[in-house]
Amino acid sequence: MYRTKTCGELRIADVGTQVTLAGWVQRVRRMGGMTFVDLRDRYGITQLVFESTNAELCERANHLGREFCIQATGNVSERESKNDKLPTGDIEIIVSALNVLSESVTPPFTIEDNTDGGDDLRMKYRYLDLRRPSVRSNLELRHKMTILIRNFLDSKNFIEVETPILIGSTPEGARDFVVPSRMNPGQFYARPQSPQTLKQLLMVSGFDRYFQIAMCFRDEDLRADRQPEFTQIDCEMSFVEQDDVIDLFEDMARHLFKEIRNVELPAKLQQMTWANAMRLYGSDKPDLRFGMTFVELMDVMKKGKFSVFDDAAYIGGICVPGCAEYTRKQLDQLTEFVKRPQVGAKGLVYVKYNNDGTIKSSVDKFYTPEDLLELKQQMGANDGDLVLILSGDNANKTRTQLCSLRLEMGERLGLRDKNRFECLWIVDFPLFEWSDEEQRLMATHHPFTMPNPDDIPLLESHPEQVRAKAYDFVCNGIEVGGGSLRIHDGQLQEKMFGILGFTPERAMAQFGFLINAFKYGAPPHAGLAFGLDRFVSIMAGLDSIRDCIAFPKNNSGRDVMLDAPSEIDQSQLDELFLQVDKSRIQAEK
């Protein structure tokens with residue numbers, strides 16, 4: 001046997017027993033003729049002792065290097081100098097036999113929680129990075145969550161069904177990853193952005209409760225909570241209304257938070273309309289861990305005194321409690337922050353309501369003290385508070401900028417505590433949104449989302465006013481999941497396609513399989529998908545979903561460990577009837 005125990009399970013009760021351990025050398029220390037080796041495996045660390053009385057064995061131990069894979073046999077002994085930072089800190093192994101299973105070159109970074117390896121280096125040697133306990137624990141948490149999810153959904157009569165990862169392209173939303181077909185020259189599969197249409201077909205098939213831990217693929221620009229391939233907890237239900245879906249998956253979230261973090265979510269989560277979320281937070285995924293809700297100031301600040309405000313389509317402000325003592329340098333930093341390209345504001349107005357009752361602002365020469373006291377009342381500010389104001393010629397764009405400023409202030413003031421969880425549902429999304437790039441209305445979620453029945457009469461006259469029967473689950477300012485009721489009526493679906501600019505021929509070409517399936521008694525159905533990577537990262541308190549994925553891509557969508565994507569041989573291209581335009585690639589660079 002390679003091992004009889006793991007490196008994390010021995011305790012004081014095991015003293016006197018003989019054990020065999022196997023793992024990797026964390027570090028080697030030589031002290032007073034004795035050699036101490038910290039041996040690590042997935043389960044923990046155990047100290048090995050090589051005594052000077054066994055010179056040959058001690059000499060072999062002295063030649064061990066970091067990350068050597070070894071096997072050691074010996075007796076469990078009580079440590080004289082205990083280590084209360086380790087679960088195994090009360091014992092050590094007096095080694096009687098050592099077997100080097102595999103030597104290691106010097107690793108490019110230290111395999112410890114506080115490593116000296118940068119992101120790029122650790123991504124290149126991800127198989128070493130995964131040995132670090134902090135990274136490994138994220139994957140163990142992910143495993144535990146998937147088991148809990150599967151068991152919960154199984155208890156609710158869901159059946160797990162795998163769907164294909166080679167499907168037809170449906171270019172609505174993000175770009176598809178396409179796969180050429182050798183057996184069908186000139187034709188391509190697409191990797192699914194989600195199993196959306198497939199799970200709807202399962203509802204037509206009579207599988208009234210489906211789920212899948214599904215891999216999904218989207219060719220989109222990356223950020224901390226995006227990867228080109230990611231995992232969804234994908235679910236669909238038949239014969240349900242919106243509240244049925246929300247109640248069930250709220251229960252699942254409550255179960256996960258209790259089991260993983262021992263956190264009790266409220267018995268009923270708040271529901272906020274999309275319109276109110278945008279009005280109060282400038283975001284459809286508001287962070288409720290702190291206040292600073294928006295106050296519209298059009299009536300208060302439009303007085304014909306300051307052209308920036310007088311010409312604005314929207315003026316809004318946030319009140320930052322206790323920050324009237326901000327220095328000019330700090331205020332200049334905030335002004336530079338809102339001017340960054342990622343935010344895009346032209347400038348920032350501040351008003352400081354000092355503790356001594358005086359007022360100082362960046363618009364003193366335009367507004368009287370009485371004007372600024374009126375602003376104070378409108379903002380609900382107190383002495384000692386700081387008011388920050390943005391304006392612009394596009395209301396939603398300015399709200400988005402103000403949202404960035406609000407989150408920045410929350411970060412600076414330490415109000416975005418990763419150990420506090422504020423969850424809610426966002427409902428009543430717009431069914432459509434305007435695309436400047438396409439110059440047409442696009443589906444906010446996807447073309448199969450059910451319109452709010454109250455708004456169906458507006459579909460032809462004012463489609464931009466139609467609300468969707470859609471819902472998003474938001475936690476700490478992150479969209480963790482979302483879904484909607486689906487259209488199951490063929491005529492309504494046809495009308496939806498028409499509004500989205502699909503000709504009957506194009507709709508049939510792309511979605512004919514679904515349109516035809518709906519002719520055979522489609523049930524009312526609805527669904528939801530949680531982003532597993534995002535959910536795990538929230539539970540683990542991570543800043544990026546990369547840290548809970550075994551082999552993630554970097555911010556350029558590259559796997560630097562496997563050096564992918566990469567060029568392929570000309571013979572492969574010929575077999576697939578493909579030709580690479582190298583001159584265009586060079587020109588794009």
Side-chain angles (χ1 to χ4, degrees), residues 141-142 145-146 148-150 152-153 156 158 160 163 173-174 192-196 199-200 209-218 220 223-227 229-237 240-261 263 265-266 268-274 277 283-288 421-429 444-446 448-450 468-486 525-540 542 545 548-549:
L141 174 62
R142 184 186 181 108
M145 282 187 65
T146 57
L148 289 169
I149 289 162
R150 279 192 163 96
F152 177 88
L153 293 174
K156 302 295 183 182
F158 282 78
E160 184 170 10
T163 54
Q193 296 185 29
S194 79
Q196 180 59 52
K199 64 183 180 181
Q200 290 189 257
R209 293 196 169 197
Y210 140 94
F211 86 96
Q212 180 182 191
I213 310 295
M215 288 295 296
C216 303
F217 308 84
R218 291 179 188 170
E220 56 188 351
R223 58 190 187 206
D225 61 347
R226 282 182 179 171
Q227 283 276 297
E229 50 185 336
F230 57 97
T231 307
Q232 284 187 179
I233 309 160
D234 198 60
C235 307
E236 197 80 4
M237 306 166 68
V240 289
E241 296 288 351
Q242 177 170 300
D243 286 345
D244 299 319
V245 181
I246 286 177
D247 289 346
L248 190 145
F249 289 101
E250 190 173 300
D251 282 347
M252 188 180 85
R254 191 174 292 107
H255 176 63
L256 292 174
F257 273 104
K258 178 62 178 175
E259 292 294 323
I260 299 293
R261 293 300 302 262
V263 169
L265 293 186
K268 186 64 182 173
L269 295 182
Q270 176 183 353
Q271 292 187 20
M272 182 183 298
T273 66
W274 175 88
S283 171
D284 57 7
K285 45 183 183 295
D287 189 341
L288 301 188
F421 303 98
E422 293 290 341
C423 304
L424 76 157
W425 293 94
I426 302 297
V427 297
D428 287 348
F429 283 84
T444 300
H445 289 88
H446 52 67
F448 316 108
T449 302
M450 175 73 76
K469 295 295 286 186
Y471 33 84
D472 277 1
F473 181 85
V474 175
C475 180
N476 292 359
I478 298 171
E479 177 199 330
V480 183
S484 66
L485 267 65
R486 322 300 191 189
H525 57 286
L528 176 143
F530 283 107
L532 179 62
D533 313 295
R534 290 185 185 180
F535 218 158
V536 174
S537 68
I538 289 172
M539 293 290 192
L542 304 173
I545 64 171
C548 63
I549 297 173

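These figures come from a predicted structure and were not determined experimentally. Side-chain atoms are counted along with the backbone in the values below, which use heavy atoms only and exclude waters and symmetry mates.
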Without swapping roles, check the side chain of [X] against the backbone of [Y] for a donor-acceptor pair under 3.5 Å.
| X | Y | value |
| --- | --- | --- |
| R142 | V536 | no |
| D244 | E241 | yes |
| R534 | E479 | yes |

Can you find a heavy atom in the side chain of [X] that is under 4.5 Å from one in the side chain of [Y]?
| X | Y | answer |
| --- | --- | --- |
| I149 | M252 | yes |
| D284 | F429 | yes |
| L424 | L269 | no |
| C423 | F257 | yes |
| F421 | N476 | yes |
| L265 | K258 | no |
| I549 | E229 | no |
| H446 | S484 | yes |

What's the separation between atom [atom1] in [X] and atom [atom2] in [Y], rounded to the nearest 0.5 Å?
| X | Y | atom1 | atom2 | answer |
| --- | --- | --- | --- | --- |
| R218 | Q193 | CZ | CD | 5.5 Å |
| I426 | K285 | CD1 | NZ | 10.5 Å |
| D533 | L542 | CG | CG | 11.0 Å |
| Q270 | E422 | CD | CD | 9.0 Å |
| S537 | I545 | OG | CD1 | 7.0 Å |
| H255 | L148 | NE2 | CG | 4.5 Å |

**Message:** Looking only at side-chain N and O atoms, does S194 offer a donor or acceptor that is under 3.5 Å from a partner on Q232?
**Reply:**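 On atom types as modelled, these side chains do not qualify, holding no pair under 3.5 Å.
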**Prompt:** Side-chain donor-acceptor pair under 3.5 Å between D428 and Y471, yes or no?
**Reply:** no
For [X] versus [Y], what's the shortest heavy-atom pair and its separation?
| X | Y | result |
| --- | --- | --- |
| M272 | P286 | SD-CG, 4.3 Å |
| G527 | V245 | O-CG1, 4.3 Å |
| V240 | A526 | CG2-CB, 3.9 Å |

**Request:** On the 0 to 90° scale, with breaks at 30° and 60°, tag the F473-F535 ring pair as parallel, tilted or perpendicular.
**Result:**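 Aromatic pair F473/F535 classed tilted.
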**Prompt:** In terms of ring plane angle, is the pair F249 and F158 parallel, tilted or perpendicular, where the classes change at 30° and 60°?
**Reply:** perpendicular
**Message:** Strictly below 4.0 Å, N to O, side chains only: are K156 and D251 in salt-bridge contact?
**Reply:** no
**Item:** Charged N-O contact under 4.0 Å between E236 and R486
**Value:** yes
**Request:** Show your working on side chain to side chain contact (heavy atoms under 4.5 Å, CB included) between F152 and R150 and close with a plain yes or no.
**Result:** CA-CA 6 Å; F152 177 88; R150 279 192 163 96; over 6 Å; no
**Message:** Please determine whether side chain to side chain contact (heavy atoms under 4.5 Å, CB included) holds for the pair Q271 and I246, giving the CA-CA distance in whole Å, both sets of side-chain angles, and the decisive distance to 0.1 Å.
**Reply:** CA-CA 10 Å; Q271 292 187 20; I246 286 177; 3.9 Å; yes
**Message:** Go through it in stages, so that I can follow the logic: the residues are R209 and L248, the test is side chain to side chain contact (heavy atoms under 4.5 Å, CB included), and I'd like the CA-CA distance, side-chain angles, deciding distance and then a yes or no.
**Reply:** CA-CA 12 Å; R209 293 196 169 197; L248 190 145; 3.5 Å; yes
**M145 and I260: CA distance, side-chain angles, deciding distance, side chain to side chain contact (heavy atoms under 4.5 Å, CB included) verdict** = CA-CA 8 Å; M145 282 187 65; I260 299 293; 3.7 Å; yes
**Prompt:** Of the options L153, L532, D234, which is the one that meets I213 in a side chain to side chain contact (heavy atoms under 4.5 Å, CB included)?
**Reply:** L532
